[in-house]
Structures are given as C-alpha cells and as structure tokens.
Amino acid sequence: MSSPKKPTWTGKAKATERDFNDLNPIITYRHLFAQNLGVRDPLRVIALCDSDAFYAACEMVRLEVDKETPLVVLQWEALIAVNYAARKFGISRMDKLKDALERCPHLKVVHVATYKEGEKEPGYWDNVDTNTHKVSLDYYRRESVKISKLFKELLVECEVEKASIDEAFFDFSKPVREILLQRYPYLATVPPNAPDGVDTPLPPPPPIHWDDLGWVIPINPPPPSEQVEEENKGQENDIDQEKDKVQEDVSSSWKDEESIPTWHDVALSIAAELMGSARAQVLQKLGYSTSAGIARNKFLAKLTASYKKPNSQAGSILRNAAIPNYLKPIAFRKIRFLGGKLGKAFAQEYDASTVTPLDDMQNKFGEESIWVYEVLRGIDRAEVKDKGSVLNKSMLASKNLPKPIKNASEGHHWIRVLAAELALRLNDARKESPNLWPKTLVLHARKGYEAGRSKQAPFPFTREITVDYIATLGDKLWKELVGNNVAMNVSSVQLAFTGIDVTEVGQQSIEGFLQNSRVNKRSREDGINPDQHFQSDNTRAPDDQSNIRPSYTCPRCSKTYHLPDATSGVDSDVALKALRMEHEDFHFAQDLTRESDQVPIVVGSPRPLNKNKKQRKEPVGIEKFFGRK
DNA sequence: GTGGATGAG
DNA sequence: CGCTCATCCAC
C-alpha cells in the first residue's frame with residue numbers, strides 16, 4: 001500500500017473518480033463543501049457502538065449491582081450473557097452453569113424473565129420451568145430502545161441505524177463537516193491562488209491530539225502480536241489485557257513518526273469526540289457501558305469496535321493508513337456475513353491460491369465476490385440508513401417444548417401464549433408507530449425430529465390487536481398444519497408476524513384488507529363515518545345474496561353486517577372478527593366523541609365494554625390463557 | 001404462500 | 001451449545 005501522500009496545492013494531481021477507492025484519497029474543497037457524497041465521501045466517518053454483554057448489563061442495571069460483581073444471565077440451563085467481571089474468572093457463554101459456578105462460587109446468576117402461568121406480565125421468578133414458562137426478552141428490548149433514543153437525542157445530526165438489540169451504526173459525516181469548518185475557518189473559502197479552484201486539494205491538516213479520544217490502531221503493529229487474537233476465540237482474560245497494555249506501550253514509541261495526519265484523520269478524531277461524549281452520557285444516565293469503533297465505513301467500524309473490549313474509556317479508531325495491516329491478520333470469520341459457510345468457502349479458496357483475481361472469484365462465488373473483494377481492501381459501500389419506526393419487518397415468538405405436545409389442547413395453550421406475547425409486543429411497537437400492520441401471521445411447528453413446517457395467513461388490520469384475535473387465526477393455522485392426529489408429537493411451536501410495515505390511514509380498514517371487495521358501491525366521499533366500510537342489511541339492494549354469507553349482528557345497534565362476496569383466500573371467521581372489531585371501534589369512537597369532543601381516539605387505549613357500568617378491565621397480557629389448559 | 005438456508009449472538 | 005430472533009430467496 002502506498003505511503004500517505006501529503007496533499008499540496010503545488011501537486012499536479014487533480015482528484016478524479018478513481019480516488020474514491022483509495023485509502024488515501026486526495027481531498028479537495030469540492031469534497032469538503034459537498035453535501036451528498038454519501039458512500040463516496042472521502043471524509044466519511046462511521047461509528048459502530050455496541051453495548052458490552054448487553055443482557056448481563058441490563059440485569060446489572062435492573063438489580064443495581066456494581067460492575068465488579070460477576071454476573072451471568074441464564075436461559076434454562078444455558079448461559080446467554082456473561083459480564084466482564086465474570087469473564088475474569090474464565091467463564092464464557094459456552095460453559096455450563098455448573099462449570100461457571102465452580103470457577104466462581106459467588107457468581108450472581110440471573111435467569112431471564114419468563115411468562116409464567118397465572119401472571120399477566122413476564123417476570124423474574126425463583127423457580128423457572130421450561131415446561132410451563134416461556135422466555136421473555138422484552139425487558140432487554142425496552143432498555144435497548146431507551147439507549148438508542150438517548151443516542152439519537154444526543155447525536156441529532158447523525159444518521160443512526162439500529163443494527164440489533166445492542167448495537168447501532170452512526171454516520172458522523174455531516175456533524176463532522178460542520179465542526180471541521182467551524183474549527184478551521186480557513187477551509188471555508190478556496191484561496192485565490194489555488195491552482196484548480198474548488199478542485200484544489202486541501203492544505204495540510206493540523207497535528208491531531210488523539211489523547212483521550214480512544215485507542216488509535218497502529219499503522220505498523222508490533223511484530224509478534226495480533227495473530228494471537230485468533231487463537232483465544234473472543235475469550236478476554238487477564239493475559240489478553242496484559243497483551244494490550246504491552247501493545248499500547250510499544251505503540252507510543254513509534255506512533256508519532258508514523259502518523260502523517262490527513263483530513264480524514266481529523267474527521268475521525270472529531271467523530272471520536274462526539275461518540276465519546278454521547279457514550280459517556282449513556283453510561284451516566286442509563287448505566288450502560290458501550291464499546292465503539294470508528295472508521296471510514298460500516299464494515300471497518302464494526303470490526304474496529306470488537307478490537308478491544310470492554311472499552312469504557314474510549315472507542316477504537318481505525319485510520320485509513322492503518323487499514324491494510326489491520327486487515328491482514330484478521331480471520332475471515334470475524335467479518336460480518338462471513339462467519340458461516342460463505343466465509344469458509346472463501347477462506348479455502350484463498351488458502352489454495354495466493355493470487356486471486358476478482359474475475360476468478362466471481363466465477364466461483366458470483367455477485368458476492370465483489371463485496372468480499374472490496375471489503376478485504378477496506379471498502380464498504382453500505383449506507384447507514386435510519387430504519388425509523390419500522391425497525392423490524394417481522395416479530396417472532398417461539399417455544400421449544402422439552403416434552404412434545406401430545407394433544408390438541410396443549411397446542412392451543414401454547415399458541416395463546418405466543419399470541420399473547422405477539423400482541424403485547426406489537427401493541428408496544430404501535431405506541432411509537434400507531435399504523436404498524438403485520439401483513440401475515442405465520443405458524444411454524446416441528447414434529448419430533450422432522451424438519452419444521454409452516455402455514456401462514458393474511459392478517460387483517462385491526463386498530464386494537466388482542467390475544468384472542470391472533471390466537472383465533474393461529475388456531476386455524478394449527479389445524480391446517482398439525483390437524484388432530486393422536487400422536488402429534490410437536491416439539492417446537494413458533495408464531496410470527498411478518499411483513500410489518502406502516503400503512504396509510506385509508507388502507508387500514510378491513511375493507512382495505514379484503515381483496516376485490518365489491519361491497520362498497522358508494523364512493524368514499526360520502527362521509528367519514530368509519531362504520532360505512534360495510535353496508536348493513538337495511539341499505540342493501542334486494543337482489544344480493546347476503547343471506548348466505550357470514551354475518552355479524554351488533555348487539556348494540558342491532559345492525560347485521562355481512563362479508564363481501566369475493567373474499568377469496570380469506571378466512572371468513574377471521575374476517576368476520578376483524579369486521580366486528582372495527583365496528584366496535586366505531587362505537588368506541590362515538591362514545592368518546594359524545595363524552596367529550598376533546599378526547600382523541602388513542603391507539604391502544606382501553607375500550608370500555610359499557611360506558612355506564614364500572615369499567616371491567618379486560619385482562620391484559622396472557623393471564624387469561626394460562627391455567628386454562 | 002411455503003419452506004429452507006443462513007447468520008448473529 | 002441450545003435457544004431465540006431475524007432476513008433472504010428458490011420454488
């Protein structure tokens with residue numbers, strides 16, 4: 001890799017497209033002033049920030065234990081999270097609880113929250129039983145939301161992409177540019193003597209004070225280190241930390257000579273400041289320590305973040321100049337998306353031949369090779385995109401049954417449990433985006449050791465999503481999938497929403513859901529009455545065949561409603577239920593407007609069954625479905 | 001729409 | 001390593 005070139009006005013080079021791929025691009029005034037260069041921005045700065053041992057950290061916050069207390073999170077018999085205090089005892093996620101306790105007798109052991117019979121909310125119980133309980137990760141999701149909200153508040157100028165429950169990408173390019181221009185005002189105008197005008201390279205950057213900004217990955221790593229990291233797979237221990245200390249000492253002796261700063265380095269350092277102070281606030285306000293990696297793109301930011309953990313003081317920073325040597329010893333499997341089969345295949349191919357032209361790779365691996373080819377050279381064009389309110393396109397609740405189901409009622413039972421969880425979670429998500437709508441409901445079931453099978457059905461929109469509503473549809477799917485076989489032997493059940501998206505208000509009704517519905521002969525302009533999505537009998541033409549179609553008669557207004565004719569592929573019971581719920585919504589809205597015209601119709605607010613009686617609160621959560629076996 | 005494959009943690 | 005969760009794609 002070429003050594004860093006010092007940008008200078010006297011240089012003959014004029015920046016071209018080609019330079020965008022370079023690790024040491026010539027950065028011109030045009031680059032600096034540009035607003036929408038996106039992934040081609042030579043000043044692009046991306047950070048990945050993730051929480052250290054997130055589930056364990058959540059439990060530490062919840063239980064108010066100090067960070068020195070070794071703690072593990074348990075899911076049945078398996079460790080799913082180990083905090084750093086516990087890792088010092090050599091405990092890892094792979095261990096059995098028994099082994100962990102042998103290594104650390106005073107280990108704090110916390111089982112994840114579970115749904116339990118007779119309780120409406122998930123909770124932390126003394127004795128959990130996989131035969132009767134179901135794991136709930138809700139608390140972690142909520143904490144995760146808290147954290148990402150705070151980050152977004154603190155870093156309003158950034159693009160933020162929540163990548164998983166415990167990590168997010170940040171694109172610092174915009175705020176960094178602004179600070180760059182504030183701090184170095186002379187950059188704001190192209191000097192009159194600049195040879196190529198706005199295409200003139202920027203003047204040499206000032207020296208950078210990296211102190212306290214983070215761990216700056218060395219350009220030339222000390223000879224005998226680094227590869228060691230491969231062998232002890234992610235197992236941080238005292239030896240590792242010693243190793244790091246040594247590295248730090250060694251690096252300081254030659255760091256200065258090696259580092260000829262670039263404006264991108266300045267950009268990195270500014271991002272490190274911003275990221276660092278945001279992380280400090282998250283730690284202070286919410287109690288979560290995080291690790292960050294800062295680099296020129298997502299892939300490298302991710303890789304950099306995992307370089308050195310935990311990382312409470314500062315993040316890790318990967319300068320462009322350090323990329324080649326940093327990448328060299330990194331195992332394929334550590335790269336995102338290459339942790340599995342694909343990575344293995346590539347690794348084999350690379351071992352076989354030292355020279356691997358892109359053409360060859362493409363012959364063997366197709367499209368994917370371009371991404372891999374570039375990524376191995378430190379290039380990643382993936383953008384940081386704000387997924388907004390629709391973080392997930394699907395939502396799944398599942399349960400593995402240690403003792404397989406033998407009769408239909410047990411299946412019914414678990415479906416209602418899973419439905420309850422989905423209802424809770426979707427209604428929760430709707431607090432953020434009221435118009436969230438899962439297009440389909442999918443039921444998976446596995447019999448014995450066979451491969452799992454699934455059935456799915458369209459999921460009609462309702463303003464209020466109830467357990468009953470989901471479970472009714474789930475039961476239908478169960479019948480299709482499992483039937484009533486005596487020896488059903490179902491060992492795993494999963495219920496999922498898929499195709500979750502926000503919908504237009506006009507598309508929300510059951511009417512919008514039903515295809516080819518002819519029932520609405522009148523135009524929609526005839527009023528905003530939400531009760532007119534279906535005609536009742538007294539408005540129906542005499543020649544119709546509504547009497548043979550499924551119908552529903554409202555006990556309050558005595559009107560009878562029918563499903564439209566062409567409801568192919570739609571389960572009539574479910575459609576009818578949707579129809580009924582929507583009609584009830586109508587009454588609910590009427591009641592509200594009658595009581596006060598100030599009260600808005602709030603999604604998820606309880607619907608009084610009878611406004612004159614004392615409100616009988618409908619059981620929330622899964623309470624009513626447990627203990628009804 | 002169904003079912004399988006893949007991957008993260 | 002067992003479990004939970006998520007996405008993508010061939011058919």
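These numbers come from the heavy atoms of this one structure, side chains and all, not from hydrogens, waters or symmetry mates. In what follows, chains carry the letters A, B, and so on, assigned in the order in which the sequence lines appear, proteins first and then strands, with residues in each chain numbered from 1.
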Using 4.0 Å as the upper bound for N to carboxylate O, is an ion pair formed by A:Lys406 and A:Glu410? no
How long is the line joining OH of A:Tyr55 and C1' of C:dC5, in whole Å? 8 Å
Send over the distance from A:Gln494 CD to C:dT7 P, rounded to a whole Å. 14 Å
Give A:Leu137 one of three labels, base, sugar-phosphate or nothing, depending on what nucleic acid heavy atoms sit under 4.0 Å from its own. sugar-phosphate
If you restrict it to nitrogen or oxygen atoms, what contacts under 3.5 Å exist between nucleotides 6-9 of chain B and the protein, and what is each distance?
from  : atom 1 : to       : atom 2 : distance (Å)
B:dT6 : OP1    : A:Lys341 : NZ     : 3.0
B:dT6 : OP2    : A:Lys341 : NZ     : 3.1
B:dG7 : OP1    : A:Lys341 : N      : 3.3
B:dG7 : OP1    : A:Leu342 : N      : 3.4
B:dG7 : OP2    : A:Lys341 : N      : 2.9
B:dA8 : OP1    : A:Phe337 : N      : 3.2
B:dG9 : OP1    : A:Lys302 : NZ     : 2.9

Send over the distance from A:Ile91 CD1 to C:dC1 P, rounded to a whole Å. 18 Å
Please work out if A:Lys96 contacts a base, only the sugar-phosphate, or nothing of the nucleic acid, heavy-atom cut-off 4.0 Å. nothing
Test side chain to side chain donor-acceptor pair (under 3.5 Å) applied to A:Asp66 - qualifying residues, sequence neighbours left out: A:Thr69
Base, sugar-phosphate, or nothing for A:Arg446, non-hydrogen atoms under 4.0 angstrom? nothing
A:Tyr139 ring center near A:Tyr55 ring center (under 6.0 Å): no
Look at atom NZ of A:Lys152 and say whether more than 12 heavy atoms of other residues, nucleotides or ligands are closer to it than 6.0 Å. yes
When you measure from the side-chain N and O atoms of A:Arg141 to the phosphate of C:dC5, is any distance below 4.0 Å, counting only OP1 and OP2? yes
CG of A:Leu473 versus P of B:dG1: gap in Å, rounded? 13 Å
Nearest of B:dT2, C:dC3, C:dA6 to any side-chain atom of A:Asn400? C:dC3
May I have the list of side-chain donor-acceptor pairs in residues 97-107 of chain A shorter than 3.5 Å, sequence neighbours left out?
from     : atom 1 : to      : atom 2 : distance (Å)
A:Arg103 : NH1    : A:Gly90 : O      : 3.3
A:Arg103 : NH1    : A:Asp95 : OD2    : 2.9

Under 3.5 Å, which donor-acceptor pairs link side chains of residues 490-500 of chain A to any protein atom two or more places apart or in another chain?
from     : atom 1 : to       : atom 2 : distance (Å)
A:Ser491 : OG     : A:Arg446 : O      : 3.3
A:Ser491 : OG     : A:Gly448 : O      : 3.1
A:Thr498 : OG1    : A:Thr440 : OG1    : 2.3

Which residues pass the side chain to side chain contact (heavy atoms under 4.5 Å, CB included) test with A:Arg453, not counting sequence neighbours? A:Leu481
Whole Å only: how far is the CZ atom of A:Phe54 from the P atom of C:dC5? 15 Å
Side chain to side chain contact (heavy atoms under 4.5 Å, CB included) with A:Thr114: which residues, sequence neighbours excluded? A:Trp76, A:His111, A:Trp125, A:Val128, A:His133, A:Val135
Quick check on B:dT2: is either OP1 or OP2 less than 4.0 Å from any side-chain nitrogen or oxygen of A:Gln456? yes
Whole angstrom value for the distance that separates P of C:dT7 from CD1 of A:Ile165: 13 Å
By side chain to side chain contact (heavy atoms under 4.5 Å, CB included), which residues pair with A:Val39, not counting sequence neighbours? A:Arg44, A:Arg381, A:Glu383
Could you tell me the separation between the NE2 atom of A:His444 and the P atom of B:dG4, rounded to a whole number of Å? 10 Å
From the list C:dT4, C:dA6, C:dC1, which nucleotide is the closest neighbour of the side chain of A:Ser394? C:dA6
Using atom names, set out every protein N or O paired with an N or O of nucleotides 8-11 of chain C below 3.5 Å, distance rounded to 0.1 Å.
none

Measuring to OP1 and OP2 of C:dT4, would you say a side-chain N or O of A:Trp76 lies under 4.0 angstrom away? yes
Check the distance between C:dC5's P and A:Leu495's CG and give it to me in whole angstrom. 12 Å
Partner set under side chain to side chain donor-acceptor pair (under 3.5 Å) for A:Tyr140, not counting sequence neighbours: A:Glu59
